[in-house]
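Numbering starts at 1 and runs along the sequence shown.
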Amino acid sequence: MSSYFTDLARQYIDGEWRPGTGSWDVIDFNPYDDEKLASITVATVDEVDQAYQAAARAQKKWAETSPYTRRAVFERALRLIEDREQEITDLIIAELGGTRVKAGFELHLAKEFLRESVHLALRPEGRILPSPGEGKENRVYRVPVGVVGVISPFNFPFLLSLKSVAPALALGNAVVLKPHQNTPIAGGTLLAKIFEDAGLPGGLLNVVVTDIAEIGDAFLEHPVPKVISFTGSDKVGRHVATVCARNFKRAVLELGGNSALVVLDDADIDYAVDAAVFSRFVHQGQVCMAANRVLVDASVADEFTEKFVAKVRGLKVGDPRDPQTVIGPVINSAQAAAVSGTVEQALAEGATALVRGTTTNNLVEPTVLTGVPAGSPLLQQEVFGPVVFLLTFDGEEEAVRIVNDTPYGLSGAVHTADIERGVAFAKRTETGMFHVNDGTVHDEPIVPFGGEKHSGLGRLNGETTLEAFTTVKWISVQHGRSAFPF
């Protein structure tokens, strides 16, 4: 077992590693074999306050630091991740059941986002605007918001913590991070250790491992943070948005999805099969952008279905440490039960299982379902596991209607021999992102990432990250003398 699980099983507050003082422990388990990895006593409301107060104290000096100096911290952090890549890979496999392919995918993206943060430190620009008043100069400054609270999920914890934490710090803010209780190391204290070793001054990044059962809404309601960046379910996201609005905070919400991958009548079927299998089954389907629904034109449905089912049957399920494994465990027993329940419900509604996987502990084998009734609520919701709904349609109009017939609007994809036909199709979808002749699962450092409808509020990456974690301030200068009416 990695030494990370013993060395980093603590809170990190104001530059100090310390135990929490709550009345219970978060137990960190390996979801594949139930090995106990770590035990962390939860942080209390008082410790959340200490973390935010430390962040507020450290932030002012950090904001005044040259962005070139700030940038050097991220350059060192990137080198540290590269040096420790094998250890971090092993940690991701152990703590969240990610396969080696998934761990490599996550680390590759994490490094790309860190590289972007290096440049982001130098990105804020001010402006001088004209004024109708004689002798007046209007200066608009872009400044850090101050302190950012970050809440990250369990599925890509290292990446999805980093993609808020690193830009917020690079732009001159301080951060308090609350990782998911199933991934407290990969999504939390590991980042603290990397940035500590990279020379980030104490207090600028704090990590509190805790749960709503201990702290309630204290993390959200605390007066210090001006922005809360949350990645997770739409149910929790709705609560986060409500609390933030009540407390006049900005909420950046990256929420769930119910993405569709669409195969038009002129698609390359073999390629579309490969894209669909990856889009649904990467990391056991525990991805917000995963293709819950695969939509196939009726004219090519038989060919696609035969090849799709054959490829799904060939996916190796098992130990995520095995390089040949494609489907590892879902995160916990509750998730395994939820996925199995979805399959049972679909079958009870009249669906047919073209592939019927079994569930053993947290290992959930792939299931391919067809014939789910058009009005089924299952087609409206996100399924966070290796289950796919295969649907047929007659023509593009029906395909667009089915794609949009969901409360979510995160990602999607369409396959066609005519690129401009694909782009025209994509424009008609009610999603924040859509991909032509590719999979549904993509994230790039400079392209706006986010969803419509119940899939979130705001965007991250590139210029949109700048908008998320900074604010503008107008300072006017009157060079002459203003004339007042009294």
Side-chain angles (χ1 to χ4, degrees), residues 1-2 4-5 27-38 85-108 153-159 180 182-183 185-187 273-292 294 307-344 346 353-369 383-390 439 441:
M1 185 171 68
S2 170
Y4 281 139
F5 290 113
I27 308 298
D28 193 8
F29 287 104
N30 181 321
Y32 175 67
D33 58 15
D34 281 335
E35 177 189 8
K36 181 180 175 181
L37 302 172
E85 192 155 337
Q86 187 56 56
E87 294 172 79
I88 299 172
T89 296
D90 292 342
L91 187 155
I92 288 172
I93 292 170
E95 191 174 46
L96 55 138
T99 63
R100 292 198 178 276
V101 168
K102 187 269 182 190
F105 183 58
E106 182 166 4
L107 279 173
H108 167 73
F154 67 79
N155 58 340
F156 279 75
F158 188 66
L159 169 66
H180 194 281
N182 285 128
T183 50
I185 309 295
V273 165
D274 290 344
V277 171
F278 175 81
S279 297
R280 174 63 268 189
F281 296 106
V282 62
H283 193 41
Q284 295 75 266
Q286 298 175 122
V287 183
C288 57
M289 295 169 280
N292 280 11
V294 174
K307 293 179 176 180
F308 182 78
V309 166
K311 189 173 181 72
V312 171
R313 288 189 189 280
L315 299 178
K316 180 177 173 59
V317 180
D319 188 342
R321 293 169 293 190
D322 183 345
Q324 302 304 312
T325 296
V326 175
I327 306 288
V330 295
I331 192 66
N332 55 39
S333 58
Q335 194 66 29
V339 175
S340 298
T342 296
V343 175
E344 295 296 335
L354 301 179
V355 179
R356 176 74 189 276
T358 60
T359 298
T360 306
N361 298 322
N362 294 336
L363 279 179
V364 182
E365 296 178 343
T367 293
V368 178
L369 296 166
V383 180
F384 227 53
V387 176
V388 63
F389 301 124
L390 198 56
V441 180

Distance-only, no hydrogens or angles: does the [X] side chain make a donor-acceptor pair with backbone N or O of [Y] under 3.5 Å?
X    : Y    : result
R280 : P386 : no
E106 : L159 : yes
N362 : P31  : yes
T360 : L363 : no
T99  : G328 : no
T367 : G357 : yes
D28  : L37  : no

Closest heavy-atom pair and its distance - [X], [Y]:
X    : Y    : result
P320 : G97  : CB-O, 3.7 Å
T359 : A336 : CG2-CB, 4.2 Å
N292 : V383 : ND2-N, 2.9 Å
F158 : L107 : CE2-CD2, 3.8 Å
V326 : Q284 : O-OE1, 3.8 Å
Q335 : F384 : NE2-O, 2.9 Å

Taking salt bridge (charged side-chain N to carboxylate O under 4.0 Å, His left out) as the definition, give me every residue that meets it alongside [X], ordered by chain and number, with sequence neighbours left out.
X    : result
D274 : K311
R313 : none
E95  : none

Take R100 and I93 through the side chain to side chain contact (heavy atoms under 4.5 Å, CB included) test and state the conclusion after the steps.
CA-CA 7 Å; R100 292 198 178 276; I93 292 170; 3.5 Å; yes
Assess the residue pair V388 and F281 against the criterion (side chain to side chain contact (heavy atoms under 4.5 Å, CB included)); give the C-alpha distance rounded to whole Å, side-chain angles, the decisive distance to 0.1 Å, and a yes or no.
CA-CA 9 Å; V388 63; F281 296 106; 4.1 Å; yes
Mark yes when over 12 heavy atoms from residues, nucleotides or ligands other than D33 sit less than 6.0 Å from its CG; otherwise mark no.
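Atom CG in D33 is packed in, count exceeds 12.
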Would you sort out whether V277 and V312 count as a side chain to side chain contact (heavy atoms under 4.5 Å, CB included), showing the intermediate values?
CA-CA 7 Å; V277 171; V312 171; 4.1 Å; yes
To the closest 0.5 Å, what do you measure between [atom1] ([X]) and [atom2] ([Y])?
X    : Y    : atom1 : atom2 : result
N30  : R321 : CG    : CZ    : 6.5 Å
L354 : F308 : CG    : CZ    : 9.5 Å
I331 : H180 : CD1   : NE2   : 7.5 Å
T342 : F389 : OG1   : CZ    : 6.5 Å
N361 : D34  : CG    : CG    : 6.5 Å
Q324 : L315 : CD    : CG    : 12.5 Å

Kindly determine whether N155 and L96 satisfy side chain to side chain contact (heavy atoms under 4.5 Å, CB included), including the steps that lead there.
CA-CA 7 Å; N155 58 340; L96 55 138; over 6 Å; no
What about H283 and F105, are their ring centers closer than 6.0 Å?
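Distance test on ring centres: not under 6.0 Å, no.
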Aromatic F5 / basic K36 pairing, under 6.0 angstrom, 45° off normal:
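The answer is no; the distance or angle limit is not met.
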